[in-house]
2 protein chains.
Amino acid sequence: METSLSNIERQQAILSLLQRQQRLKIAQICEEFSISEATARRDLEALAAQGLIQRVHGGAIPLQHATPEPPLLERSQEQADEKARIGKLAAGLVQDGETVFLGSGTTVLEVAKNLRDRKGLTIITNSLPVINLFAGLETIQVVCLGGILRNSELSFIGHITEQALSEVRADRVFLGVRAVDLEHGLTNDYLPETMTDRAILKIGREVIVVADHTKTCRVSTAFLAPLTSMHTFITTREADESFIAALRELGIQVLLA
Amino acid sequence: METSLSNIERQQAILSLLQRQQRLKIAQICEEFSISEATARRDLEALAAQGLIQRVHGGAIPLQHATPEPPLLERSQEQADEKARIGKLAAGLVQDGETVFLGSGTTVLEVAKNLRDRKGLTIITNSLPVINLFAGLETIQVVCLGGILRNSELSFIGHITEQALSEVRADRVFLGVRAVDLEHGLTNDYLPETMTDRAILKIGREVIVVADHTKTCRVSTAFLAPLTSMHTFITTREADESFIAALRELGIQVLLA
DNA sequence: TCAAAATCAATCAATTTCTTTCAAACATTA
DNA sequence: TAATGTTTGAAAGAAATTGATTGATTTTGA
């Protein structure tokens, strides 16, 4: 311990301490800096007022990067386990050093979570949560497509997005869809997104569609593309076997998580 | 110990002393240079006004620039008060319903914070924190430019960004710069960003540059644009008066927060 | 649900540090 | 040398920081 620090230095020290530990109690701070509880509280109060930490009863925790997640959050709970399994399996298809496109939606976000430790990846995406997931990582380059932010999905769509897509290519494209059906192909529920998604399908050497089993044998409102526009389909064991067999019949690689 | 130094020399000595030691107390300075507390305080005050040190109760500490941490978050503390004032004043220039471009940097982020309650705005930006700030707000449309994510600033730059810029126009453009100088104009410290920033300057009817006073009368490494490419300059009362007068002489509207 | 324990916010006093003010010392220019 | 402006030091009142105390609030465990 150094000699008495000024309040600002101490607060900076607390902040960096809090980056490493996931939680700091008042008592810990008192001991570490040899100060009274009152002062420790005042320091945390000051840091919280600056929005640098999250105050909790008994201490403080680091600020969970306050990135928004409105309706996306609720939906991500559904079939959370299935999506996690899909994410893990799908991420295994990616080699270090590749360029990968990640679309919007919670299932693709699960794929993204399993790619954070990889080295030398280039991530192209139109999903704000995906960008936030990779932002600040030194080993991964992030390319955002831009466009108009769609609040319900936190994804970028529109003319600007499609124009940006014409400038990039990816080794693998991971796309989530609302519904997959043998007869009606890939469908989504939001028409304006269709043009953007079609453009996305064209930029990848391998197109990988991910969807939990509740989305199979279903049809949504907006036709996106025929089944054969995807090379690989990843879902879970819970999916209907005959449906899977029919996809394989079409030459589509099907992986079950 | 040298014999009596002039105030300027002494301040430089204090500065270099402060680079080695991580903290200097008033008493230390008094002893080291054989000066009174009053003079020691005046020296620190002068250095702090130039944005060269961080003043604390009882002494001073170096700026946190050297931290390899997420620099944006840390840096936002410097001149935090000035930036907040600028943000408030600048936001007042925006009318409900307008289309506004917001650039990267902590000062512009302060402007953004003061625009969250507005109705019917369209926000165009290449700054990830700005996007996150407005994401999910129903009354505000967000347009992201896309591009390669620059980790240190969390902003998007590059070819994709510039291409997207050619598709949009804004009523007002808010831009932060690293340095503003009468002779050398607007300068930044990161060369690859220059092309993007120049493209940004072209999309607005009114270009508003924001910078706290420590960035005035300074020059950075990469030339961005002449002073006359901005219509309005917003800084704080602390800025040098003759500098402000000279800007007004050039026909630039100067606002002091 | 209640009660004990922990934590908190609010306040006060003691200490340190800061700002302001003024006058003396010093340097600069005419 | 005289006049002017800058830098310095000293002193008094203002402000900030801290630790202690009190009573309120929240959490925890039965």
Side-chain angles (χ1 to χ4, degrees), chain A residues 1-15 17-18 21-63, chain B residues 1-18 21-64 77-82 84-85 213-214 217 236-238 240-243:
Chain A
M1 252 319 294
E2 318 271 321
T3 57
S4 61
L5 301 164
S6 80
N7 55 354
I8 295 194
E9 295 172 87
R10 202 176 46 235
Q11 285 162 25
Q12 287 178 351
I14 290 173
L15 190 59
L17 210 60
L18 198 52
Q21 316 205 181
Q22 278 308 297
R23 184 196 161 91
L24 268 185
K25 293 205 291 186
I26 295 278
Q28 290 177 268
I29 299 173
C30 294
E31 190 178 356
E32 178 70 25
F33 299 99
S34 307
I35 56 176
S36 71
E37 290 194 1
T39 303
R41 287 207 182 84
R42 278 189 275 249
D43 282 344
L44 293 187
E45 186 184 2
L47 288 168
Q50 290 170 26
L52 296 173
I53 64 168
Q54 167 77 50
R55 196 63 230 277
V56 298
H57 197 86
I61 56 178
L63 198 61
Chain B
M1 249 315 293
E2 320 273 321
T3 54
S4 59
L5 300 163
S6 81
N7 54 353
I8 301 277
E9 295 174 283
R10 198 177 50 235
Q11 284 164 23
Q12 287 176 347
I14 290 174
L15 193 57
S16 74
L17 207 60
L18 195 53
Q21 317 206 180
Q22 279 306 296
R23 148 182 60 251
L24 271 183
K25 294 205 288 188
I26 294 280
Q28 290 178 268
I29 299 173
C30 293
E31 190 178 354
E32 181 71 20
F33 299 96
S34 307
I35 56 177
S36 70
E37 290 195 359
T39 302
R41 289 207 181 85
R42 277 190 274 251
D43 283 343
L44 293 186
E45 185 185 7
L47 289 168
Q50 295 172 62
L52 298 173
I53 64 169
Q54 159 93 51
R55 195 66 230 276
V56 301
H57 199 86
I61 56 178
L63 291 182
Q64 303 318 110
Q77 299 311 102
E78 297 167 10
Q79 275 78 43
D81 171 62
E82 283 190 49
R85 275 150 49 202
H213 88 279
T214 65
C217 307
T236 59
R237 320 183 258 286
E238 288 89 342
D240 184 65
E241 286 184 23
S242 64
F243 174 75

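Hydrogens, waters and symmetry mates play no part in the numbers below; they use all other heavy atoms, side chains included. Naming: A, B, ... by sequence-line order, numbering from 1 per chain.
- Taking atom CD of residue E45(A) and atom P of nucleotide dT11(C), one finds them 13 Å apart after rounding to whole Å.
- Atom CZ of F33(A) and atom C1' of dG19(D) are 17 Å apart (whole Å).
- Remark: P of dT7(C) and CG of L24(A) are 14 Å apart, rounded to the nearest angstrom.
- Distances shorter than 4.0 Å separate some side-chain N or O of R10(B) from OP1 or OP2 on dT8(D).
- Judged purely by atom type and a 3.5 angstrom limit, E82(B) uses its side chain to pair as donor or acceptor with the backbone of H213(B).
- Proximity of T39(A) to the phosphate of dG19(D): a side-chain N or O atom is located under 4.0 Å from OP1 or OP2.
- The interatomic distance linking H57(B) (NE2) with dT19(C) (P) rounds to 9 Å, in whole Å.
- In this entry the distance linking CZ of R55(B) with P of dT17(D) reads 11 Å, nearest Å.
- At least one side-chain heavy atom of I29(A) sits under 4.5 Å from a side-chain heavy atom of L44(A).
- A side-chain hydrogen bond (donor to acceptor under 3.5 Å, both in side chains) with E9(A) is found for exactly one of R23(B), Q22(B), H57(B), namely R23(B).
- Counting to the nearest Å, the C1' atom of dT25(D) and the CD1 atom of I26(A) are 15 Å from each other.
- The side chain of R41(B) contributes no N or O atom lying less than 4.0 Å from OP1 or OP2 of dT20(C).
- The CG atom of L63(B) sits 8.5 Å away from the CG atom of L18(B) when rounded to the nearest 0.5 Å.
- In this structure, G59(A) and R42(A) both approach DNA chain C, and ranking their closest nucleotides by distance from the 5' end singles out G59(A).
- Proximity note for S36(B) (side chain, C-beta onward) versus dA10(D), dA16(D), dC8(C): the nearest is dA10(D).
- A straight line from NZ of K25(B) to C1' of dT15(C) spans 14 Å, rounded to a whole angstrom.
- Across the protein-nucleic acid pair, E37(A) atom CD and dT22(D) atom C1' stand 14 Å apart, rounded to whole Å.
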